[in-house]
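Reading through the C-alpha cells given below for one structure.
For reference, positions follow the sequence shown, starting with 1. Keep in mind it's a predicted model, so treat the numbers as computed, not measured.
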Amino acid sequence: FLLLADTVTMARFATALWAVHREATRSAVAMSFAGITYQTEGRDARALARKIEPLAKFFQDAERRVRTMSPPPPLSNMHEQYVDAMALYANAAAEILKFTDDGDSQHLGNAHRMDIEASEDLLRVGEVLWPGQYRPH
C-alpha cells in the first residue's frame with residue numbers, strides 16, 4: 001500500500017509541475033529566439049527588451065510557484081533542481097535586460113551560460129518525471 005501511495009503522490013507532483021514545465025519550455029525557446037532575432041535582425045535593444053520583459057516575469061513567477069510545491073521525498077532533489085532552473089532562467093532574462101539598458105555585451109554572455117545550464121537542468125528533471133518528452137532545444 002505504501003508503494004502505491006508514493007507512486008500516486010509522485011504522479012500528482014509530476015502533473016502539477018508539468019503545468020509549469022509546459023509553459024517554461026515554451027518561454028525558454030522564446031527567450032532563445034528573442035536573442036537570435038536580436039543578433040540577426042537589426043540589433044534593436046528596445047525590441048529585445050519588449051520580448052524579454054514578459055519572459056522575465058514568467059520565470060520569476062514560475063520560480064516562486066515551483067518553490068511552494070511540496071514534492072514527495074524521493075523527488076526532493078528533482079524539485080530543487082527545477083527551482084534552480086527557473087531561477088537561472090529568471091537571472092538570464094535579467095542579464096539580457098541589463099544589456100538592453102547599458103549595452104554591455106558581457107550580460108549576453110552571462111545570460112547564455114545561465115540559459116544553457118537551466119536547459120540542461122530541465123532536461124535532466126524531464127527525463128526522470130516525463131521520460132520520452134519532446135526536447136525543444
Side-chain angles (χ1 to χ4, degrees):
F1 177 73
L2 266 179
L3 183 58
L4 179 60
D6 284 348
T7 302
V8 169
T9 302
M10 288 190 288
R12 284 186 183 141
F13 176 75
T15 300
L17 189 57
W18 180 258
V20 174
H21 184 69
R22 186 177 54 238
E23 187 60 32
T25 54
R26 281 189 223 133
S27 296
V29 170
M31 191 158 59
S32 293
F33 278 126
I36 291 167
T37 300
Y38 171 79
Q39 293 290 341
T40 61
E41 296 180 13
R43 298 183 180 260
D44 183 345
R46 285 188 201 151
L48 178 60
R50 283 191 302 273
K51 291 177 183 176
I52 296 300
E53 286 166 350
L55 300 172
K57 180 171 181 1
F58 167 79
F59 285 118
Q60 291 166 352
D61 292 347
E63 178 189 356
R64 282 191 290 276
R65 185 172 166 194
V66 173
R67 191 175 297 283
T68 64
M69 292 179 176
S70 298
L75 297 179
S76 62
N77 288 340
M78 295 287 105
H79 176 251
E80 275 304 310
Q81 196 168 23
Y82 207 92
V83 169
D84 291 346
M86 294 300 102
L88 281 167
Y89 277 130
N91 289 335
E95 283 292 311
I96 295 169
L97 292 173
K98 287 176 188 175
F99 165 76
T100 65
D101 283 340
D102 67 17
D104 182 349
S105 62
Q106 185 170 353
H107 294 301
L108 294 179
N110 294 340
H112 180 71
R113 283 186 291 284
M114 289 179 216
D115 180 73
I116 296 296
E117 186 177 343
S119 294
E120 290 171 351
D121 286 346
L122 285 192
L123 289 172
R124 281 191 285 276
V125 170
E127 283 299 313
V128 172
L129 295 179
W130 313 288
Q133 72 166 334
Y134 170 73
R135 294 182 188 124
H137 59 290

Residue Arg12 excluded, over 12 heavy atoms near CZ under 6.0 Å | no
Distance in Å, Asp115 CG paired with Leu108 CG, rounded so as to fall on 0.5 Å steps | 11.5 Å
Could you walk me through whether Glu63 and Gln60 pass the side-chain contact (heavy atoms from CB on, under 4.5 Å) test, one step at a time?
-> CA-CA 5 Å; Glu63 178 189 356; Gln60 291 166 352; 5.8 Å; no
What's the spacing between Leu88 CG and Phe59 CZ if we round to 0.5 Å?
-> 10.5 Å
Supply the atom-to-atom distance Arg113 CZ to Ile116 CD1, rounded to the nearest 0.5 angstrom.
-> 11.0 Å
Kindly give the heavy-atom pair with the smallest separation between Leu48 and Gly35, and that separation in Å.
-> CD1-N, 4.3 Å
What is the minimum heavy-atom distance between Ala92 and Met114, and which atoms define it?
-> N-SD, 3.5 Å
Heavy atoms from other residues, nucleotides or ligands near CD of Gln106 exceed 12 (cutoff 6.0 Å) | no
Please step through side-chain contact (heavy atoms from CB on, under 4.5 Å) for the pair Arg46 and Thr100, ending with a clear verdict.
-> CA-CA 7 Å; Arg46 285 188 201 151; Thr100 65; over 6 Å; no
Could you tell me which non-hydrogen atom of Ala93 sits nearest to which non-hydrogen atom of Ile52, and how far apart they are?
-> O-CG2, 3.6 Å
Considering non-hydrogen atoms only, spot the tightest contact between Leu97 and Ala56 and give its length.
-> CD1-CB, 4.1 Å
Trace of the ring pair (Phe, Tyr, Trp, His ring centres under 6.0 Å) decision for Tyr38 with Phe99 = CA-CA 12 Å; Tyr38 171 79; Phe99 165 76; 5.5 Å; yes
Return yes if some donor-acceptor pair links the side-chain N/O of Ser27 with the main-chain N/O of Ala24 below 3.5 Å, else return no.
-> no
Can you hop from Leu122 to Met31 via hydrophobic side chains spaced under 4.5 Å?
-> yes
Atom pair OG1/CH2 of Thr25 and Trp18 - distance to nearest 0.5 Å | 6.5 Å
Side-chain heavy-atom pair Lys98, Asn110 within 4.5 angstrom cut-off = no
Are a donor atom and an acceptor atom from the side chains of His107 and Asp101 found within less than 3.5 Å of each other?
-> no
Hey, are the side chains of Tyr89 and Met86 touching, using non-hydrogen atoms and a 4.5 Å cut-off?
-> yes
If you look only at distance, which donor and acceptor atoms sit under 3.5 Å apart when one is on a side chain in residues 72-80 and the other is two or more places apart or in another chain?
| unit_1 | atom_1 | unit_2 | atom_2 | d |
| --- | --- | --- | --- | --- |
| Ser76 | OG | Pro73 | O | 3.1 |
| His79 | NE2 | Val66 | O | 2.6 |
| His79 | NE2 | Met69 | O | 3.4 |

Checking salt bridge (charged side-chain N to carboxylate O under 4.0 Å, His left out) for the pair Lys57/Asp61: CA distance, chi angles, key distance, verdict?
-> CA-CA 6 Å; Lys57 180 171 181 1; Asp61 292 347; 2.7 Å; yes
Step by step, work out the side-chain contact (heavy atoms from CB on, under 4.5 Å) result for His21 and Val125.
-> CA-CA 10 Å; His21 184 69; Val125 170; over 6 Å; no
Check whether Ile96 and Phe58 end up in the same hydrophobic cluster, where Ile, Leu, Val, Met, Phe, Trp and Tyr are linked by side-chain heavy atoms less than 4.5 Å apart.
-> yes
Is there side-chain contact between Arg64 and Arg67, with heavy atoms separated by less than 4.5 Å?
-> no
